Amino acid sequence: MSELSGKYNPQEFEKQIYSEWEKNGYFHGQDSSDKPPFSIVLPPPNVTGALHMGHALTLTIQDTVLRRKRMQGFNTVWFPGTDHAGIATQMVVERELLKEGKSRHDLGREKFIEKVWEVKHRHHGFITNQTRVMGASLDWERERFTLDEHFSEAVNKVFVQLYERGLVYRGEKLISWCTRCSTAISDLEVEQNPENGKLYYIRYYVKGDNSKFVTVATTRPETLLGDTAVAVNPNDKRFKKLHGEKVIIPFVNREVPIILDEYVDMEFGTGCLKITPGHDFNDYEIGRKHGLITVTVIDKHGKMNENAVGFTGLTAKQAREKIVEELKNNGTLEKIEDYAMTISKCSRCDTVIEPLLSNQWFVKMDGMAKKAMYAVKDGRIKFYPQGWWEETYYRWLENIRDWCVSRQLWWGHRIPVWYCKDCSHFEVMEHKPKKPCARCGSSNYYQENDVLDTWFSAALWPFVAPGWPKDTATLKTFYPNSLMETGFDIIFFWVARMIMFGLEFMDEVPFKEVLYHAMIRDEKGQKMSKTKGNVIDPLVVTEKYGVDTLRFTLASMAGRARDIKLSENSIQGYSYFMNKIWQASKFVYTNAQGLDPEFNIKDIKYPLNKWIVSRLNSTALAVNKKFEVYELNDVSETLYKFFWHEFCDWYIELSKPMLNDEKASAETKYVLCYVQREFLKLLHPIAPFVTEKLYEASPLKDGKTIMLAKYPEGDEKFVAKEVEGSFGFIQELVSSIRNIKTIYGINAKNDVVVVSKKHSKLIDELKGPITKLATLRDISTADDLKGIDLAGSLKSVIPDAEIYMPAKEFIDFDKEFARFNKKLEEVSKDLNIVNNKLSNKGFLDKASAEVIEKEKRKLEEFTKLSTELKSAITMLETCRK
RNA sequence: GCGUCCUUAGCUCAGUUGGUAGAGCACUAUCUUGACGUGGUAGGGGUCGCAGGUUCGAGUCCUGCAGGACGCACCA
C-alpha cells in the first residue's frame, strides 16, 4: 500500500499512468482472438488541428464505452488516425507562405506539397499527444494518416471501381465555386446566410418596338450580361401575348427570347424572370429544359470575363455598381427595393459562392443512397439517442444530388485518371497506364490535376483502418465496426457516406451502432469561438482540475440533449467529487490494517454490510443497463449518488463504530475495501487515472491494472430488497431525529425512545450506528407509551414509528403545534388523493391490480400517519393547558 | 415552406411502456464529529410554456397556439 497524498492532486500521476499503460501494451487488441471483438474508429482529427472541447467530449465518450468493453472481456480495438483535411490544411500552409509574400503558385505543385508534408510532420505530434493527455486508450500501433501510402492505394481502388460500376462520371455542370479557395465545393460545404440585399427592377425592351418592354426584378444585375432568355408564367395573362417576341439585353445587345415556364411565380417581383443559366442553379435547369445557350460572364476568380463586354476585368461587385449606374443613366432602371435574402457562402472561408459551369467529377448518389437508407430502416444500423436522427437522415438521402468530389486543390488524393496528352482520351486506373493510348497510340500520359474531396477518403475509414483492400485478419475481426461515435453535425458529410461506401465495397454496414453527441457551447448557450473569446480550453482545464474531472463532467452532460452548456463552475463541482473519492479511499486504506484478503464476500453477516453490498450490486446493474443505451449521464449520476450519498454519507459513517467492534471489525474492514475497489472498477471507464492510482494502493488489488480488471456486472443474488427496505427505515429515523435537533438547535447528545412494533428489533441491533449517526447518547425502544414523559418530549412521527426525545427545556408548544399541523396538512393532501382514487369506480375497474395494491398500501400508511399526527396534536393541546 | 426537437425549482438539466414532481449548483440555518470545510447536517423553493382533447388518472399521449434551437429546400 503506497502513501496517498493529502488531497486529490491529479497532476502528480496522470501522465505517468498513461505512459505505463501504453508501454505495457494494454491498448492493443488482437487480430484474432477467442474473445468477442469490439471496435471503434476514431473520427480522425485534422492533423494540423488543436484539441478543443468537442474532441475532449468525443474522446471521453468513446474511451469510456471502449474501456468498459475491454474490462468486460471483449477484444477491443480503437483505431487512431489523423485526417489530411484538404482545404483546411492547404489554407494553413498558404497562410504561412503569404507571410513571406508568396503564393502556392510561386512554389509550384511539387514544392508546395513537400512543404505541406513538412507542416504535417511538425503538427502531427501535437494533436496525438493531446489525445493521449485525455487518457484515450487508442491502439496506437494501428495509427493511420488519410494520405499515407496504404490509404491512398485504397482511395484509388475505390475511385476506379466506382468508375467501372458507372458510379463515377465526369461532366460539365453548374457547381458551387469558391473564388477564394479556387475550387469547386460540394452542396454540403455551402452555407446559407440571411442578408439585407437589394432588388433591382430593370427594363428589357422588346426588339423592334421601343415602346414595349418587360421589367425583370433581380438581386444580381451584373449577371444580366449572361442572360439568354426572359421567362414568364404560361398562365400569366399580362405577358402571354409577348411569347415569341425577343428582348434586347442592355450593353451586350443580345437578342433573347421570351419563354414560358411554370417555374415563374406570377406573384413575385414583376412576374418576369431573367434567365442566366451560367450563374444560377434554377436558371441552369430552365435553360436546359428550353435548350438555351449558356453564357458565362464571371470567371473563377470572381471577375467579369471577356463575354462581359465593357466590364471585363472588374470584380462582380464593381461590375454591379457600374451597371446600376449606367442603367440609371439610360433610364432602364425602374427602382431599387430593399430585400431580405439569403446568400450562399463557403462554409470554410465565408466567401460568397459563385455558381460556375465547369468540368468536374461526380459520384452518383441515388442507388447508394437508397441502400444506405434501408440499412437504417431495417435496423442493421441503430442510431442513438434513439428516435432522433433517423428522419433527418432519410430526408437527406431521399433528396440527395450527385456528389461533386473533385477539388481544384493540390493537397489531397490526386484523382487516378490519366489523360493522353496527344488526344482527349483518358483512362481511369489506379496507376499510370503502361499501354499506349488506345485511341492515338501515344504513351504520353498526365494525371488529372484535381484532388478528391477530403470526405471521400474519410468515408472509407471504417474499412481502410483495419486494412482494406488487403484481406487482413484485422479486417475480418473488426469489420463491421461495433460503434461509430461522432457529432450530429457531420451526419451527412461523413456518417451517411461511410454507410454508402461500406455497403458498396464491403457489402456490409460499416458499423452496427451510431452514437451522436451534442455540441459544446458556453454557459450562455453560444458556440465557443476564439473570436468571441468564450472558449474553454480542455488542456487548461485538465491542467487545473485533472483529466478525470473533465471526463466526468463531460460524461455527466452526455445525455440526450443536443447542446451541452459548459461552464468552469460545473467542472469545479465535479473536481470536488474526485477529491471525495480520494479522501474516502484514504479512510478506507488507513482502516485496512490486519485485513484478511481471503475473506469471502458471500459470508457477510452484518446487515449494514449486507446493505452496502446490496446497494453496490444494484448500482452495478443500473450502470450496466445505462451503458447499453449509451446514456453516460445516467451512468455518472448513478455512480456519483452511490459513492457520495450512500457509501460516504451512510456506510463509512456507520463503519466507524463497527471497526471498533471486535466482532464486526474483520468483516467490515473487508467490505469497506471490497466495495471501494468495486466502485473504482465501475468508475474506471469514465475516470481512468484516479481509479488506477487508487486501485494500485488498494489492499484488495486483484490484478496488475484496473484497466484489465473484470467490470462488475452486478449480481441479483446480492441485491437484498428487505435489507434495503429496513435500512431505508433507519435512514428515515436518523433524518427525523436530526431534524428535531436542528429545529430546536439541540447540539448536546441526548436520549431517544422509539415506539415501533415493526422495527424494534432492528433498532436494538443497530443501536451503536444510530446513536452515532444521529448524535445521540442512547436510543431505546418501547412497545407502548408507558413510562414516556409525553409532555416533556419532542415528538416526531414517521411511517411505522413514533420518536420521543425528552427535552423539556426546549419545547415550544406553538412551534410544535405549527410543525405538526403542517405535516398533517401534507399527509391529508396525499391521503385525499389516494382516497379519491380508491373510491373512484373507474379507477378500480380499469387500473391494474398492481397499481391498486400499491394505492391501498399507501392508504394504509397515510391513514396511520394521519392518526398519529392528530393524536400528537391533541396531546400538545392538552399539555399546553 | 418541409422536417426534427426544446420549453419542468433562481441556474443547468433528469423524469423510457400514463399511476403521489427529482438531482447538481446556487440560497438559508447550523456543525472545528479523529477521510474530506473541495466537508457534515437540516431546510426553503415548481399551478411541469399556454389552451383544448383522450383517459378513472396527463410533466408523460393527441390537436392547436406562443417562444426558442437545428437541419433541408426556396428565395427573380
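Values in this document were obtained by computation on a predicted structure and should not be read as measured data. Quick note on labels: first sequence line is chain A, next is B, and so on, each numbered from 1.
- Nucleic acid contact for A:Val216: none, since no nucleic acid atom lies under 4.0 Å from a heavy atom of the residue.
- On the P atoms, B:U20 is 42 Å away from B:C36, given to the nearest whole Å.
- Look at B:A66: its Watson-Crick or wobble partner, with both distances under 3.5 angstrom, is B:U7.
- For A:Lys858 and B:U20, the shortest distance from a side-chain N or O to OP1 or OP2 is below 4.0 Å.
- Of the candidate nucleotides B:G34, B:U16, B:G71, B:G71 has the atom nearest to the side chain of A:Phe492.
- Remark: aromatic rings of A:Phe492 and A:Trp396 are close, center separation under 6.0 Å.
- The pair A:Glu637-A:Lys626 does not meet the salt-bridge criterion, since no charged nitrogen lies less than 4.0 angstrom from a carboxylate oxygen.
- Figure legend. B:A23 is base-paired to B:U12; pairs are counted as Watson-Crick or G-U wobble with both atom distances under 3.5 Å.
- Taking 4.0 angstrom as the limit, A:Ser735 places a side-chain polar atom (N or O) nearer than this to OP1 or OP2 of B:A42.
- Within 4.0 Å of A:Glu653, counting heavy atoms only, lies at least one base atom of the nucleic acid.
- Proximity of the aromatic rings of A:Phe488 and A:Trp389 is defined here by a centroid distance below 6.0 angstrom, and this criterion is met.
- Rounded to whole Å, the P atom of B:U16 lies 12 Å from the corresponding atom of B:C6.
- Closest to the A:Asp563 side chain, of the nucleotides B:G71, B:A69, B:C74, is B:A69.
- If you take atom P in B:G46 and the same atom in B:G10, they sit 8 Å apart, rounded to whole Å.
- Partner assigned to B:C72 is B:G1, using Watson-Crick or G-U wobble distances below 3.5 angstrom.
- Distance check on atom P: B:U60 versus B:G52 gives 14 Å, rounded to whole Å.
- Of the candidates B:G40, B:A35, B:C72, B:G40 carries the atom nearest the A:Asp649 side chain, counting heavy atoms from C-beta on.
- With B:G71, B:U20, B:G43 as the choices, the nucleotide that has an atom nearest any side-chain atom of A:Arg395 turns out to be B:G71.
- Atom CH2 of A:Trp582 is separated from atom C1' of B:G37 by 20 Å (rounded to the nearest Å).
- By the 30° and 60° cut-offs, the orientation of the rings of A:Tyr651 relative to A:Phe647 is parallel.
- Between the C1' atom of B:C2 and the OH atom of A:Tyr394 lies a distance of 18 Å, rounded to the nearest Å.
- At the heavy-atom level, A:Val264 lies under 4.0 Å from base atoms of the strands shown.
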| said: Determine whether A:Arg238 and A:Asp236 satisfy the following criterion, salt bridge (Lys or Arg N to Asp or Glu O under 4.0 Å), listing intermediate values before the conclusion. | reply: CA-CA 5 Å; A:Arg238 295 172 295 176; A:Asp236 197 330; 2.8 Å; yes

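- One N or O donor and one acceptor, one from the side chain of A:Lys626 and one from the base of B:U16, sit under 3.5 Å apart.
- In this structure, A:Gln192 reaches the bases: a heavy-atom distance under 4.0 Å links it to at least one base atom across the strands shown.
- The aromatic rings of A:Phe577 and A:Phe552 sit tilted, their planes meeting at an angle between 30° and 60°.
- Taking every side-chain heavy atom of A:Thr342 into account, B:C74 is the closest of B:C25, B:C74, B:U4.
- One atom, CG of A:Asp489, and another, P of B:A69, lie 18 Å apart when rounded to the nearest Å.
- Listed candidates were B:G3, B:U41, B:A35. Nearest to the side chain of A:Arg738 is B:U41.
- The base of B:A35 lies outside donor-acceptor range of the side chain of A:Gln676, with no N or O pair under 3.5 Å.
- At a cut-off of 3.5 angstrom, counting only N and O atoms as typed in the model, there is no donor on one side facing an acceptor on the other between the side-chain of A:Arg562 and the base of B:C6.
- At a threshold of 4.0 angstrom between heavy atoms, the contacts of A:Lys829 with the nucleic acid are absent.
- Look at CD1 on A:Ile490: it is 15 Å from C1' on B:G71, rounded to the nearest Å.
- For A:Phe383 and A:Tyr516, the gap between ring centers is short of 6.0 Å.
- The CD1 atom of A:Ile286 sits 12 Å away from the P atom of B:C74 (whole-angstrom rounding).
- Note on A:Tyr640: only backbone sugar-phosphate atoms sit closer than 4.0 angstrom, heavy atoms only; bases stay farther off.
- Between B:G15 and B:C48, the distance separating the two C1' atoms is 11 Å to the nearest Å.
- Closest to the A:Phe862 side chain, of the nucleotides B:A73, B:A35, B:U20, is B:U20.
- Minimum atom distance to the side chain of A:His645 is reached by B:G24, of the listed B:C72, B:G24, B:C5.
- Look at the C1' atom in both B:U55 and B:U63: the space between them is 16 Å, to the nearest Å.
- Here A:Cys272 contributes atom SG and A:Ile258 contributes atom CD1; the two are 7.0 Å apart, rounded to the nearest 0.5 Å.
- The shortest distance between the side-chain N/O atoms of A:Trp388 and the OP1/OP2 oxygens of B:C70 is not below 4.0 Å.
- Position along RNA chain B of the nearest nucleotide to A:Lys565 versus A:Leu199 favours A:Lys565 as the more 5'-ward residue.
- Closest contact between the side chain of A:Asn739 and the listed nucleotides B:C36, B:G34, B:G43 involves B:G43.
- B:G49 and B:G44 are spaced 24 Å apart, taking the P atom of each and rounding to whole Å.
- RNA chain B is contacted by both A:Lys837 and A:Cys648; A:Lys837 maps to the nucleotide lying nearer its 5′ end (nearest heavy atom per residue).
- Here the separation of B:A23 from B:G68, taken at their C1' atoms, is 25 Å to the nearest Å.
- Both distances falling under 3.5 Å, in either a Watson-Crick or a G-U wobble arrangement, occur for no nucleotide opposite B:U32.
- The listed nucleotides are B:G19, B:A14, B:U38; the one nearest the side chain of A:Ala561 is B:A14.
- Checked by distance alone, A:Lys7 brings a side-chain donor or acceptor within 3.5 Å of a matching partner on the base of B:U38.
- In this structure a side-chain-to-backbone donor-acceptor pair under 3.5 Å is missing from A:His279 to A:Glu354.
- Within 4.0 Å (heavy atoms only), A:Trp644 reaches sugar-phosphate atoms of the nucleic acid but no base atom.
- Side-chain N/O atoms of A:Lys822 include one lying less than 4.0 angstrom from OP1 or OP2 on B:G44.
- A:Ile746 places its CD1 atom 13 Å from the C1' atom of B:U30, with the value rounded to the nearest Å.
- The nucleotide B:U17 finds no pairing partner, because no Watson-Crick or G-U wobble arrangement with both distances shorter than 3.5 Å includes it.
- Counting non-hydrogen atoms under 4.0 angstrom, A:Asp265 reaches a base of the nucleic acid.
- Note on A:Asn579: a base of the nucleic acid sits closer than 4.0 angstrom, heavy atoms only.
- Within the 3.5 Å criterion, the main-chain N or O of A:Ile581 finds no donor-acceptor partner in the side chain of A:Gln583.
- Rounded to an integer number of Å, the gap from CZ of A:Phe647 to P of B:A35 is 13 Å.
- For the pair A:Phe810 CZ and B:U30 C1', the interatomic distance rounds to 14 Å; values are reported in whole Å.
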